[in-house]
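In what follows, a structure is listed as structure tokens, so that the remarks can point back to it.
Only this structure's heavy atoms are used, side chains among them; waters, hydrogens and symmetry mates stay out. Because the structure is predicted, anything quoted here is derived from the model rather than measured.
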Amino acid sequence: MHIAPVVIVPHTSGPGGWMAALDELARVLDAHPYLPVTLRAPGAAIEHVWRSDPSLGARLAAGPVAWLAGGWSDPVLADLPLPDRDLQLTREQAAMSTAGIVASGLWVGDGWEPALVSLAVESDLPLLFMDIALVPSSHGRPGAVERAGQVAMGIPVGTSASETSPDGLVPVRVEPADLEEFASRYRGRLSTVVEHFVDHHPGPRLAPVVSSPRRGPAAETFYRKLLLLTANRADRKGSLEEVLALQSREFVTGDGGGIGAHARLIAARQRVERNRYRGDSWVATEEVDWDADGIDEIHTETAAASLVLDPVSGHIEVWDDKARAWSILALQSPPGAAICRRLGPDGAERTQGMLRLDRRTEGRSEAQFRLVGDDGGVYQVTLRDDKLTIEMTLPPIGVVRVGPEVPVSMDAKRARLRVDGGAWSNASQPLAVSGHRFRLTDGDHSLVISAPRPTDLFVEPLTGYGVQIWPHWATDGDTSYAVTLAPT
């Protein structure tokens, strides 16, 4: 059995991690100049290292390294739209060419969909390196992967050297710090995939499982926002680098990059929009399947804010304040902010039924959406600049408490609330107040909540990060109520 050591330098480790990992690899190669190593370092890392320490780059380029492409910022290629896959590889190829590097294969990691075979073949990178979890039955043996008549060689990469294939090749992922000891342990049995296939045939055909890395709620929301941005990016000038960087796995898998990642995404969208629009009074609205459930949502942008509205469920999925780079809705599990939550006298939830979009209008820096319920209720959502107004006209529905429920992205431990004209109260614990106008703040962001009719406001800290607010009224219906939420 031959073993192919594969070193992966992730984009998430950042410039310091890139330099440390590649410096260690170069040190091992200096001591073992004929050590066959397959290396995956994203284009951003290659570009940084070659600019920061050309001598380190020269040592790596001179060694027996088989380089892998995979995207400038190490994205999940399986999850990107086709144009963005091409952009990632093209941008990475520019960095590799400047460094004098020629890739011999494509790294797809733990994300797979069949069109990656075509991408590999058409990019002249017919060796497809993937996590062994995608093809566990392969026992680490490389084999052909086919799609619509196109064939690439699938290379499963595991974390240990299996002894079940004595006549084959087993690629094994190795950390740079462990490479020297690994080379000593398997001395005389090491090879690269290309070298092995000169004298050996591959194993049985492979059928990778369609897969995408795990996403938490925050990363899922970020990923959907990112798709909206890439779809709207008509002019890439001035925004390409940042958008490609945001496609990194560190943002779109796991729990995502948190509120900082959303702030960067908002800033990137502003740069894109400066290339598309003039002034600050524009508004753009489109229908998109935001949550991939087969039913379109409404996506609206003004110069000051972003909004995604699900008219069927009556929820607001996204509300971003661009001026302050604030993703206002807390990154909790779906369904986002409820346009109208109803509670009966006994505290039980009263469903409002499905809604439908009855009318939408646009003006200067303003978009309005009129939703009608099966029970005759009418709900108008207005985004004016960065302010969000929700107006409810309810049918006779019996005695209930009704109002919009909004999870606000804010540090609950530092949250404070003030009724207009009153003193500040600690909002890190559940709190109920009444009035026309309120201010909620954590010191970094503030939200002003105002209503023409006096309203009861319930504030509650969320688990993790965020504060839930529920301005509401006791009513038996047949009345209109409105509330405006304004970031300040």
Side-chain angles (χ1 to χ4, degrees), residues 1-10 36-42 65-71 74-80 82 85-86 88-89 92-93 102-174 186 189-214 249 253:
M1 178 183 67
H2 289 86
I3 299 170
V6 180
V7 174
I8 308 295
V9 179
V37 176
T38 300
L39 173 62
R40 164 61 189 156
V65 176
W67 293 81
L68 300 181
D74 193 26
V76 182
L77 290 174
D79 285 354
L80 287 180
L82 289 174
R85 293 180 190 175
D86 292 339
Q88 281 280 348
L89 294 179
E92 180 180 57
Q93 177 58 40
V102 178
S104 60
L106 182 67
W107 169 251
V108 299
D110 54 354
W112 178 259
E113 63 99 0
L116 291 176
V117 174
S118 300
L119 179 68
V121 172
E122 293 164 6
S123 301
D124 198 23
L125 299 167
L127 299 180
L128 266 169
F129 286 72
M130 61 189 67
D131 194 293
I132 196 171
L134 297 175
V135 278
S137 61
S138 69
H139 302 293
R141 293 282 303 279
V145 184
E146 183 177 359
R147 186 230 185 197
Q150 293 178 305
V151 181
M153 189 61 62
I155 317 294
V157 180
T159 56
S160 63
S162 169
E163 299 295 336
T164 59
S165 304
D167 60 338
L169 175 75
V170 178
V172 178
R173 182 168 179 169
V174 185
Y186 296 108
R189 299 169 62 188
L190 301 180
S191 176
T192 65
V193 172
V194 174
E195 289 173 344
H196 180 79
F197 284 156
V198 171
D199 300 315
H200 300 82
H201 295 293
R205 187 181 299 270
L206 302 180
V209 177
V210 174
S211 175
S212 180
R214 186 193 72 84
R249 290 167 185 260
T253 64

Does the side chain of [X] reach to within under 4.5 Å of the side chain of [Y], using non-hydrogen atoms?
| X | Y | answer |
| --- | --- | --- |
| V151 | V117 | no |
| L106 | L68 | no |
| L128 | W112 | yes |
| L119 | L89 | yes |
| L190 | P5 | yes |
| V9 | L39 | yes |

For residues 206-213, run the donor-acceptor check on the side chains, cut-off 3.5 Å, and write out each pair with its distance to 0.1 Å, sequence neighbours left out.
unit_1 : atom_1 : unit_2 : atom_2 : d
S211   : OG     : D110   : O      : 3.4
S212   : OG     : D79    : OD1    : 3.2
S212   : OG     : D79    : OD2    : 2.7

If you compare all heavy atoms of [X] against all heavy atoms of [Y], which two are closest, and at what distance to 0.1 Å?
| X | Y | result |
| --- | --- | --- |
| V108 | R249 | O-NH2, 3.1 Å |
| I8 | V6 | CD1-CG1, 3.7 Å |
| L127 | S104 | CD1-O, 3.6 Å |
| P156 | P142 | CD-CA, 3.8 Å |
| P75 | G70 | CD-O, 3.4 Å |
| G109 | L134 | O-CD1, 3.4 Å |

Nearest 0.5 angstrom please: [X] [atom1] to [Y] [atom2], how far?
| X | Y | atom1 | atom2 | answer |
| --- | --- | --- | --- | --- |
| L125 | L116 | CG | CG | 12.0 Å |
| E122 | D86 | CD | CG | 8.5 Å |
| T159 | R173 | OG1 | CZ | 9.5 Å |
| I155 | F129 | CD1 | CZ | 5.0 Å |

*Run the salt-bridge test on R85 and E92 with the 4.0 Å N-O cut-off and return the result as yes or no.*
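Here R85 does not pair with E92 in a salt bridge, since their nearest N and O are not under 4.0 Å apart.
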*Mind running side chain to side chain contact (heavy atoms under 4.5 Å, CB included) on R40 and D74 for me, showing each step along the way?*
CA-CA 9 Å; R40 164 61 189 156; D74 193 26; 3.9 Å; yes
*Ignoring hydrogens and angles, state whether a donor on the side chain of S118 or R147 is under 3.5 Å from an acceptor on the partner side chain.*
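Side-chain D/A pair, S118 to R147: present.
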